[in-house]
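Computation of the quantities below employed the complete heavy-atom set of this structure, encompassing side-chain atoms and omitting hydrogens, waters and symmetry-equivalent molecules. Just follow the structure's listing: the first ligand is 1, and inside any ligand the first atom is 1.
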Amino acid sequence: MSDLPPLAGGERGPEELRPLLDTVLDALKNGAAHRGGPLPSGGPDTVSARLRDATGELLPVHGTGAETALRTLVAAVAEGAADPADPLCAAHLHCPPLAVATAADLAASALNPSMDSWDQAPAATALETEVTRLLAHEAYPDASAADALVTTGGTEANQLAVLLAREATRTAAHPVQLLVGENAHHSLTRAAWLLGLPEPVVLPAPTGTLDPAALDEALTDLPGPHLVAATAGTTDAGLIDPLPETAAVCEAHGARLHIDAAYGAGLLFSPRHRAALAGLDRAHSITLDLHKLGWQPVAAGLLAVRDRTDLAPLGHRAEYLNADDDTEAGLPDLLGRSLRTTRRPDVLKTAVTLKALGRTGLADLVDRVVALAHHLARLVDLHPGLDLYDTPALTTVLFRPTGADDDTVAAIRRSLLTDGRAVLGRARMDGRLWLKATLLNPHTDPGDLAALLKLVEGHTPR
Ligand SMILES: Cc1ncc(COP(=O)(O)O)c(C=O)c1O
């Protein structure tokens, strides 16, 4: 018997992993039981001190062995987690991953394919090709040249979209001008900064969505070329910009259109709610992100493009990964499908999820969380001490205690966090601060939502 630590792969890998997984699963269970709620109580100093006590020395001279290290560290991180599987953990676009997707992700780690060359990922390459085509077709049902790239999330997808627009307009007299609504995700303006583009034009969005008339005016006034980034599912309120009207304005001005549907693209899976995304396929590129309304463990982002020739600028050669003669001999060339080099086979968990749940299973999850948001909105609306911002468009509900000032709203959120009772987000809309519940957990039930409002009531100063 060798003293070397065992490997995860190969024929022996699964037998080596099996007892370790038992340890991990027990530690996850114990950690969650000790936490006993959506997040640890006590705030940052207490949580850090508890973690340090539990873990002890992290790089000892002589290691503790796998069992002890897994048991102590996994339990400590689980006990100190903000757990999106808890119905009262509803602040962010931070979804509870499905067990089936998480199990598939374990296989991705054990096999460890790297997607930057075919000889590191033969079957995973074929699977990524299939899944990206399939999802590109969901986003662009009528575009035979549609394609999609795998990304680490919405941020990377938005960055790539801005990069592709810069490259597509490279021969113009001016660099591409990005225009976004003030409701857009911060990653878009940051991408313009990263890519050395002119300061983006940020259009006011007083109703929470992009105003096509204001966009029309800005496109008329500003020299092109233009890239307009609209949002299908805003981070703050889950609102969907008027996509058909925005697309029409862009088409009239010859502007490129990117739609950040990191949140809203999940609706594509629901025959009941898909119509809310009408106009999505008029964009040159679309951000999708299945670690939001797709129940995947991070990372599960995608950038879909209507015309795969837009991807040409990402083409790149490195002798050791995609030598010309290998490509000519038929080895797939994957380097140009990302700016990353080593890359996890993130599509494996997504493919397993799509197959396991099927269209009806996915639609059911989407429909459930949308229905939950409407239920919470109704509860707020009927509550004499709470104000509702608006009927939810996706699964975000904004509310605040009637008559409370912004400091009180902020204090309620922090006090729930410190007590470890509930994780709510915050959003500034119509000049006021609101509590934000982003409902992504299909296991949440109406009783949980009532309990959430009771907690808010209990933390509201009288
Ligand atoms: C609308 C929108 N776009 C992009 C992103 C960024 O996604 P990620 O955090 O996966 O990079 C977010 C994150 O919440 C988002 O809400």
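Residue contact check: Leu93 has heavy atoms under 4.0 Å from atoms 14 (O), 16 (O) of ligand 1. Numbered from 1 in the order shown, with element, the atoms of ligand 1 that lie under 4.0 Å from a heavy atom of Gly233 read 1 (C). Which parts of ligand 1 touch Asp289 is read off a 4.0 Å heavy-atom cut-off, strictly below it: atoms 7 (O), 8 (P), 10 (O). For ligand 1, the atoms closer than 4.0 angstrom to any heavy atom of Lys292 are 5 (C), 7 (O), 8 (P), 9 (O), 10 (O), 12 (C), 13 (C), 14 (O), 15 (C). In the vicinity of Ala262, heavy-atom distances shorter than 4.0 Å reach the ligand 1 atoms 2 (C), 3 (N), 4 (C). In the vicinity of Gly153, heavy-atom distances shorter than 4.0 Å reach the ligand 1 atoms 10 (O), 11 (O).
Ligand 1 has a nitrogen or oxygen under 3.5 angstrom from a nitrogen or oxygen of Thr155.
A salt bridge between Asp405 and Arg432 is absent, with no side-chain N of the basic residue lying under 4.0 Å from a carboxylate O of the acidic one. Salt bridge status for Asp346 with Arg344: present, with a side-chain N to carboxylate O gap under 4.0 Å. In summary, Glu182 and Arg428 do not engage in a salt bridge, as defined by a charged side-chain N under 4.0 Å from a carboxylate O. Between Arg317 and Asp333 there is a salt bridge, since at least one side-chain N of the basic residue sits less than 4.0 Å from a carboxylate O of the acidic one. A salt bridge links Asp310 with Arg256: at least one charged nitrogen is closer than 4.0 Å to a carboxylate oxygen. Checked for salt-bridge contact, Arg35 and Asp86 miss the test: no charged N lies under 4.0 Å from a carboxylate O.
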*Which is it for Thr353 and Gln296 under the side chain to side chain donor-acceptor pair (under 3.5 Å) test, yes or no, and what are the steps along the way?*
CA-CA 8 Å; Thr353 304; Gln296 298 300 297; 2.9 Å; yes

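For Thr287, no heavy-atom contact with ligand 1 is shorter than 4.0 Å.
Of the candidates Thr231, Asp260, Thr151, it is Asp260 that places a heavy atom closest to atom 2 (C) of ligand 1. Among His186, His291, Glu156, the residue whose heavy atom lies nearest to atom 10 (O) of ligand 1 is His291.
Among all non-hydrogen protein atoms, the one lying nearest atom 16 (O) of ligand 1 is Thr235 OG1, 2.7 Å.
For the atom pair Leu321 CG and His316 NE2, the distance stands at 9.0 Å (nearest 0.5 Å).
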